[in-house]
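Please read all numbers here as calculations on a predicted model, not as lab measurements.
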Amino acid sequence: MARLRVFESISIDGYFCDASGDMSWAHSGTDDSEFSSWVSGNASGGGQLLFGRTTYEQMAAFWPTAQAAQQMPAVAKGMNAATKWVASRTLTTVGWSGARLLEGELVSTVRELKAGDGPGITVLGSGSVAAQLGAAGLVDEYQFVIVPVALGAGWRR
């Protein structure tokens with residue numbers, strides 16, 4: 001059975017997006033070599049990724065680029081090589097290599113994915129998806145990165 005992990009960056013005051021839905025605050029600031037090494041190790045784990053539409057569109061716009069390969073080569077390689085599942089009620093196609101639309105209702109489809117023999121599945125961001133899967137009791141592990149910035153407003157899931 002595949003394990004399901006949710007990975008979220010959260011501000012010190014409990015938000016995972018600012019009031020406009022932006023997450024750039026989670027990656028700003030000084031470089032931290034220990035954190036970068038940890039992220040690179042996570043990205044090379046060979047698992048599957050699961051995104052909601054908004055997070056998928058943000059990730060697909062960055063990780064396949066030359067800029068991503070230059071800034072974080074190990075992470076870019078892992079992100080681009082991974083199988084990526086996209087939960088969306090509006091998208092009809094996905095263009096990022098290895099990406100596939102989830103067919104059917106989210107909870108039952110993810111339950112089927114977990115029951116398979118495939119590698120673990122990690123939800124990156126995707127607050128609505130993470131909340132639905134958590135409420136259904138499907139999440140095996142939560143990983144939070146608490147970013148020392150106070151947003152004052154935003155989205156909590």
Side-chain angles (χ1 to χ4, degrees), residues 1-11 15-18 20-28 35-145 147 154-157:
M1 177 178 252
R3 291 184 51 82
L4 180 66
R5 176 176 62 166
V6 170
F7 179 91
E8 299 283 352
S9 294
I10 301 189
S11 69
Y15 297 99
F16 75 93
C17 287
D18 70 13
S20 68
D22 182 53
M23 287 193 60
S24 61
W25 56 268
H27 307 288
S28 62
F35 181 72
S36 294
S37 177
W38 178 76
V39 169
S40 294
N42 270 355
S44 61
Q48 304 174 80
L49 301 173
L50 173 57
F51 305 113
R53 180 196 51 82
T54 301
T55 304
Y56 167 76
E57 289 175 340
Q58 292 170 346
M59 299 286 189
F62 178 70
W63 289 111
T65 68
Q67 179 184 1
Q70 181 182 11
Q71 287 179 353
M72 295 184 274
V75 177
K77 181 179 178 183
M79 294 291 285
N80 290 315
T83 297
K84 295 166 275 293
W85 296 101
V86 183
S88 175
R89 290 184 287 270
T90 58
L91 293 177
T92 57
T93 62
V94 289
W96 188 8
S97 176
R100 302 176 200 161
L101 282 170
L102 279 179
E103 305 266 337
E105 191 270 329
L106 175 67
V107 171
S108 60
T109 303
V110 171
R111 188 173 279 120
E112 289 175 20
L113 284 175
K114 281 189 65 165
D117 292 330
I121 305 161
T122 300
V123 178
L124 294 178
S126 307
S128 177
V129 169
Q132 291 174 66
L133 298 176
L138 293 176
V139 177
D140 298 301
E141 175 185 352
Y142 288 91
Q143 235 177 12
F144 298 108
V145 172
V147 181
W155 299 352
R156 293 182 174 153
R157 295 274 175 169

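For residues 56-73, the pairs satisfying side-chain hydrogen bond (donor to acceptor under 3.5 Å, both in side chains) are R53-E57, with sequence neighbours left out. Residue pairs meeting the side-chain hydrogen bond (donor to acceptor under 3.5 Å, both in side chains) criterion with at least one member in residues 113-123, sequence neighbours excluded, are R5-T122, K114-D140. Counting only residues at least two apart or in different chains, ring pair (Phe, Tyr, Trp, His ring centres under 6.0 Å) contacts with residues 86-143 comprise Y142-F144. Every pair passing side-chain hydrogen bond (donor to acceptor under 3.5 Å, both in side chains) that includes a residue from residues 102-111 is listed here, sequence neighbours excluded: E105-S108.
The side-chain contact (heavy atoms from CB on, under 4.5 Å) with V86 is formed by just one residue from the set L91, L49, L102; it is L91.
Applying the side chain to side chain donor-acceptor pair (under 3.5 Å) criterion to Q132, with sequence neighbours excluded, gives S128. The side-chain contact (heavy atoms from CB on, under 4.5 Å) test applied to T83 returns Q48, W85, R100, not counting sequence neighbours. Qualifying side chain to side chain donor-acceptor pair (under 3.5 Å) partners for T93, counting only residues two or more places apart in sequence or in other chains: none. Checked against side-chain contact (heavy atoms from CB on, under 4.5 Å), S126 has the following partners two or more places apart in sequence or in another chain: F51, T55, V123, V129. Contacts of T92 classified as side chain to side chain donor-acceptor pair (under 3.5 Å), with partners at least two apart in sequence or in another chain: none.
Closest of all the heavy-atom pairs between V6 and A130 is CG1-CB, 3.8 Å. Between F62 and A68, the closest heavy-atom pair is O-CB, 3.3 Å. Of all heavy-atom pairs spanning G47 and P119, the tightest one is CA-CB, 3.9 Å.
Residues L50 and L113 form no side-chain contact, since every pair of their non-hydrogen atoms from C-beta on lies 4.5 Å or further apart.
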